[in-house]
Amino acid sequence: MQFSMIFEAQLADPTRQNERQVIRESVEQAVLADEMGFDRVWSVEHHCLEQYAHMSAPEVFLSYVAAKTSRIRVGHGVVCLPFNYNHPIRVAERIAMLDILSGGRVDFGAGRGATEQELHAFGIAREDTQAQLEESLHMISRIWQDDVFEWHGDLLDVPPRPIIPRPVQDPHPPMYLACTRQDTLNLAGRLGIGALCLGFAGPDDMAVKRKVYDEAIAARSPADMVGAFAVDHMSSLCPAMVLDDRDKARRIGLKGQRFFTEAINHWYTGGPPPRTDTDDEANDEVLRRRGEKLVAYLSEEKIEIGTEATGLFNPNHAYGTVADAIDYVGRLADAGADEVMFLMQMGTVPQAAILESITNIGQKVIPQFR
């Protein structure tokens, strides 16, 4: 089992001062994770999603983290690959540069960055994102392997050029894909890249995803792979708050999850902005009621109910004591997760609680699974 953290740079009150503070606090968290024996930190790429994610330049954040740490791996979870976000040559160059500066510690994850808020800012048509993602993946892995790169694809044409620098990891850093639905799991398995399962649905859903992913791996032919080697690895998101006081951990964690849920619904579905004044409310019950309402709506619309749609409202995660966390991580391991990706940096969660959680996980949870 491997253990990691993922950073959104999420904040409840998006003033310039608070924005600077939350990014600095994320660095402090990553440095402590290195000291506590975590295997990896992941950083998202999002644009224009105020409150939900202020991590718009993950290559800079991860470079700074790499300079302040000695052993922890630094992962893009994920780079948005539609061309107007990031041209594949520039992605390959930046990842290689970071791999050199970090001493070969980079993991490369890819995704589409498909909210309307982001797509329209960059002039990207939603219907173009999937094809651009796939062509970029094929190009980037070849750039890292070829001394002189040349490409004549369906979407891009590149004359022979040396693309430099080249990464430390030979032949290239491991490659991953953000996966929430069955089609992206199938794609990751077929292309021979790791699956970053970023949903909230929990261990039962992870077991289903593991089966889908493994079936895609079994059906893969060598010609399908985008990289020089397969990364058959499934990472599971794990919202967590691990404190000595169980009630406090659940109170902080559930409030943070509610903020996260309301923020993502605001940008993905046009709902109201997230609330921060929910201390006196039963946030677990609010999440459950909203999940039940969504189930009823989907049923009424005769749309198949998918755990990726309802998982955000699942209040049952690693919120509690060390014993609670060990039990929950064990369930994820039994479901087939190769890596547990802890999500603690949610908009309303105080820094002290995150640092205590990182320490408890590093000293008392991770050793149980080594």
Side-chain angles (χ1 to χ4, degrees), residues 5-14 22 26 42 44 46-55 77 111 113-118 178-181 196-206 209 236-242 248-299 301 303 305-320 328 332 341-350 353-354 357:
M5 289 182 63
I6 187 166
F7 293 96
E8 302 268 2
Q10 190 171 103
L11 70 161
D13 182 11
V22 80
S26 295
W42 295 100
V44 305
H46 281 301
H47 302 277
C48 311
L49 303 186
E50 191 174 52
Q51 293 187 293
Y52 177 66
H54 289 240
M55 188 65 72
T115 67
E116 296 299 321
Q117 178 83 352
E118 295 170 285
C179 297
T180 55
R181 302 181 307 278
L196 303 178
C197 297
L198 302 176
F200 280 67
D204 292 342
D205 182 59
M206 282 302 302
K209 284 180 166 58
S236 173
L237 189 72
C238 179
M241 190 53 41
V242 185
K248 180 180 178 181
R250 287 193 59 78
R251 185 169 64 253
I252 292 173
L254 287 164
K255 181 181 179 182
Q257 183 181 339
R258 178 172 173 181
F259 180 90
F260 188 105
T261 299
E262 291 179 351
I264 200 170
N265 279 339
H266 174 62
W267 291 118
Y268 281 77
T269 69
R275 288 176 54 195
T276 60
D277 58 339
T278 63
D279 295 278
D280 296 328
E281 299 182 19
N283 290 306
D284 54 344
E285 290 303 319
V286 171
L287 289 166
R288 285 193 185 94
R289 286 198 303 271
R290 291 181 178 176
E292 290 167 359
K293 183 177 180 181
L294 179 59
V295 168
Y297 168 77
L298 292 175
S299 299
E301 293 293 310
I303 299 171
I305 298 170
T307 49
E308 70 276 2
T310 57
L312 277 170
F313 302 101
N314 170 26
N316 300 311
H317 297 291
Y319 303 141
Y328 191 81
L332 289 173
M341 182 193 302
F342 291 106
L343 173 65
M344 291 175 268
Q345 200 283 308
M346 297 179 282
T348 60
V349 178
I354 297 174
S357 294

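Being a predicted model, the structure only gives us computed values, none of them experimental.
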Taking all heavy atoms of P274 and all of A263, pick out the closest pair and write down the distance.
CB-N, 3.7 Å
Over all heavy atoms of both residues, which pair between V22 and Q10 is shortest? Give the atoms and the distance, please.
CG2-O, 3.5 Å
Residues forming a side-chain hydrogen bond (donor to acceptor under 3.5 Å, both in side chains) with [X], sequence neighbours excluded:
X    : result
D277 : R275
R290 : E262
T115 : E118

So Q345 and S26, side-chain contact (heavy atoms from CB on, under 4.5 Å) or not? Walk me through it.
CA-CA 8 Å; Q345 200 283 308; S26 295; 4.1 Å; yes
E285/R288 salt bridge by N-O under 4.0 Å criterion:
yes
Where do V349 and M344 land on the side-chain contact (heavy atoms from CB on, under 4.5 Å) test, with the steps shown first?
CA-CA 8 Å; V349 178; M344 291 175 268; 5.8 Å; no
When you measure from the side chain of W267 to the backbone N and O of C48, does any donor-acceptor pair fall under 3.5 Å?
no
When the aromatic ring centroids of H317 and F200 are compared, is their separation below 6.0 Å?
yes
The test is side-chain contact (heavy atoms from CB on, under 4.5 Å); show your working for F313 and K293 and say whether it passes.
CA-CA 10 Å; F313 302 101; K293 183 177 180 181; over 6 Å; no
Could you walk me through whether F260 and L343 pass the side-chain contact (heavy atoms from CB on, under 4.5 Å) check?
CA-CA 11 Å; F260 188 105; L343 173 65; 3.8 Å; yes
